[in-house]
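Numbering of ligands and ligand atoms starts at 1, following listing order. Fair warning: this is a prediction, and the values are worked out from it, not measured in the lab.
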Amino acid sequence: MSVIARRAGAAVRTCAAGFGALVLTVAAACGEPPGGGGGTAGLADDPRFVWALTGADRQIHEAVARLWNEENPDRRVDIFFLAPTADEQRQALFQDLQSQAGGFDVLGLDVIWTGEFANFGYLESLEEFRPRIEGTSLAGAVDSAQWREELYALPYSSNGALLYYRTDLIDEPPTTWEELYETGTEAAGKAGVSAYVGQGDRYEGFVVNFLELYWSAGGELFDDAQEYSTFLEGDAAETALDFMTEAYETGFYAEGFDSMVEDDARALFQAGEAVYMRNWPYAVPLLEGEGSAVAGDFAVAPLPTFTGEGTTSALGGLNNAVSSLSDTPKLAREFVLWAATDPEAQAILADSSLPPTLTSAYDDVDDPRLELLGEVLAQAHARPPVPGYNALSLAIQDNLHPAYIGQENPAAALEDVDQAADAALEQE
Ligand code: GLC
């Protein structure tokens, strides 16, 4: 695309943005700002385009881009890495679209953003590709890529939560949250480490950690028709918040849990400083890698529930969409379809512990962890990708984060979330 298209070298060029607001500055520091809208992009002899996506799992996405570039030397993709956390990615993408900068052709969208971005008119419809992915991509991923029965993105990577545990400190992984609490507290005391690390900072990762407790206590955010909030039906919301509050108060959560994101938790667990960790599968190769204090001393299991039955992960992942500001839309569409359906591209994900969305990528892979993931994904809960999802997420962050760290009345905080859930369904 535009400036990058004309100047970037042959290799997959990557840039990083620490914060959404800094995208343009950081990109400039990387060599060239992306986009500029009116550039002479897509020159016939050298059409290029930009794929903006999460700065987490970089090597994996770079390998996918490299494969495309090898196969398409005249139609190369440049990666633009956004920040590693979801909220910052959303902010950076919005900034590009709202300001009409149009620096990105392919947008790596978290599964929760489809409705919101589509409603703003930021995404091209990809409905024509439905027959190519229905039945071949994971059903949950396909659902997350549509809004009002229209496809606005195509699946790329899925995600499901795992419970990581130290095999030198824990014999059998727990099946209930209570058991997790008790065994973690005991083992942590003996070993002089923390019991549990996860995502407790005020951002989407915290929302996911809360919802996993909530769903596993039987809660559902909305009625089946998604017409009204059922957030406070039964006692799931209270049960989940109580668990977090107690875990925080008693020090079951490691120090600093309330400001931890995925990679903070991963670093602590990898340094041997925790008994348990809730995280996505991306951490597995890192924990097994060189310099890991826990290599050979950890295993993964499904997250527990309150009843001891099944497991409940949030369904995570990334879909690729085509920006309505792209000046290489045809190429971008082709890439998005390729990333969803090419067996080799999807195998790169499978080999790197990032769950593929192409179902056949799970066949003939002799990896017990992928099997476990299949089990986890089959039971995963979607965060509804309605336009109001982000407002609901912010209400959970703004009310329940202070509540679990003892700075807000829990009952009032839960009431506010219930109202926000109703309002989220009305947002168009
Ligand atoms: C992972 C998931 C994504 C989720 C985020 C929360 O990136 O794939 O769906 O929103 O974590 O931190």
Side-chain angles (χ1 to χ4, degrees), residues 17 19-20 52-61 64 81-94 107-117 137-138 140-145 153-164 197-215 221 257-267 277-284 286 303 312-321 339 349-350 352-357 373 376-377 380-386 389-394 396-397 400-401 424:
F19 296 96
L53 83 167
T54 175
D57 313 313
R58 285 169 178 234
Q59 294 86 343
I60 306 171
H61 307 305
V64 171
F81 280 127
L82 305 167
T85 60
D87 305 59
E88 290 169 305
Q89 290 156 26
R90 178 181 165 280
Q91 197 186 335
L93 294 174
F94 255 109
L107 312 174
L109 295 187
D110 197 314
V111 289
I112 47 191
W113 300 332
T114 316
E116 192 184 20
F117 278 69
S137 290
L138 296 174
V142 177
D143 282 350
S144 76
L154 298 189
Y156 169 61
S157 67
S158 190
N159 231 347
L162 298 174
L163 178 70
Y164 292 72
V197 291
Q199 294 72 47
D201 196 7
R202 195 164 170 160
Y203 79 119
E204 185 61 30
F206 159 71
V207 175
V208 161
N209 278 241
F210 170 78
L211 288 176
E212 285 167 349
L213 286 160
Y214 172 75
W215 286 319
L221 290 170
F257 182 87
D258 57 341
S259 60
M260 250 177 231
V261 301
E262 279 85 356
D263 224 36
D264 302 318
R266 194 269 307 156
M277 169 169 77
R278 182 262 174 229
N279 220 327
W280 310 100
Y282 87 97
V284 170
L286 301 168
L303 285 184
T312 305
S313 161
L315 181 68
L318 202 68
N319 301 317
N320 283 319
L349 307 190
S352 319
S353 263
L354 196 62
T357 49
L373 263 173
V376 167
L377 291 177
H381 259 79
R383 290 158 287 163
V386 294
Y389 178 79
N390 193 60
L392 171 58
S393 166
L394 290 178
I396 294 178
Q397 297 175 31
L400 303 190
H401 189 276

Report the part of E262 in contact with ligand 1, treating N, CA, C, O as backbone and CB onward as side chain, heavy atoms under 4.0 Å; options are side chain, backbone, both, neither.
side chain
Atom indices of ligand 1, in the order listed, that fall short of 4.0 Å to a heavy atom of Y203:
12 (O)
Do any N or O atoms from the side chain of T54 and from the backbone of A56 form a donor-acceptor pair under 3.5 angstrom?
yes
Among residues at least two apart in sequence or on other chains, which ones pass ring pair (Phe, Tyr, Trp, His ring centres under 6.0 Å) with F257?
Y253
Test side-chain contact (heavy atoms from CB on, under 4.5 Å) applied to D87 - qualifying residues, sequence neighbours left out
Y203, E204, Q397
Closest protein heavy atom (residue, atom, distance) for atom 7 (O) of ligand 1
N159 ND2, 4.2 Å
Parallel, tilted or perpendicular: which fits the ring planes of H381 and W215, with parallel below 30° and perpendicular above 60°?
parallel
Heavy atom of the protein closest to atom 3 (C) of ligand 1 (residue, atom name, distance)
D110 OD2, 3.1 Å
So is R383 in contact with ligand 1, going by heavy-atom distances below 4.0 Å?
yes
Using distance alone, decide if ligand 1 has a nitrogen or oxygen within less than 3.5 Å of any nitrogen or oxygen in G317.
yes
Mind checking whether E204 has an N or O less than 3.5 Å away from an N or O of ligand 1?
no
Under 30°, 30 to 60°, or over 60°: which ring-plane class applies to Y214 and F210, parallel, tilted or perpendicular?
parallel
N319 and S144: side chain donor to acceptor below 3.5 Å:
yes
Closer than 3.5 angstrom, by distance alone: can the side chain of Q89 be matched with the main-chain N or O of A83 as a donor-acceptor pair?
yes
Numbering the atoms of ligand 1 from 1, which are under 4.0 Å from a heavy atom of G205?
6 (C), 12 (O)
Any atoms of ligand 1 less than 4.0 Å from a non-hydrogen atom of W280? List them with their elements.
1 (C), 2 (C), 11 (O)
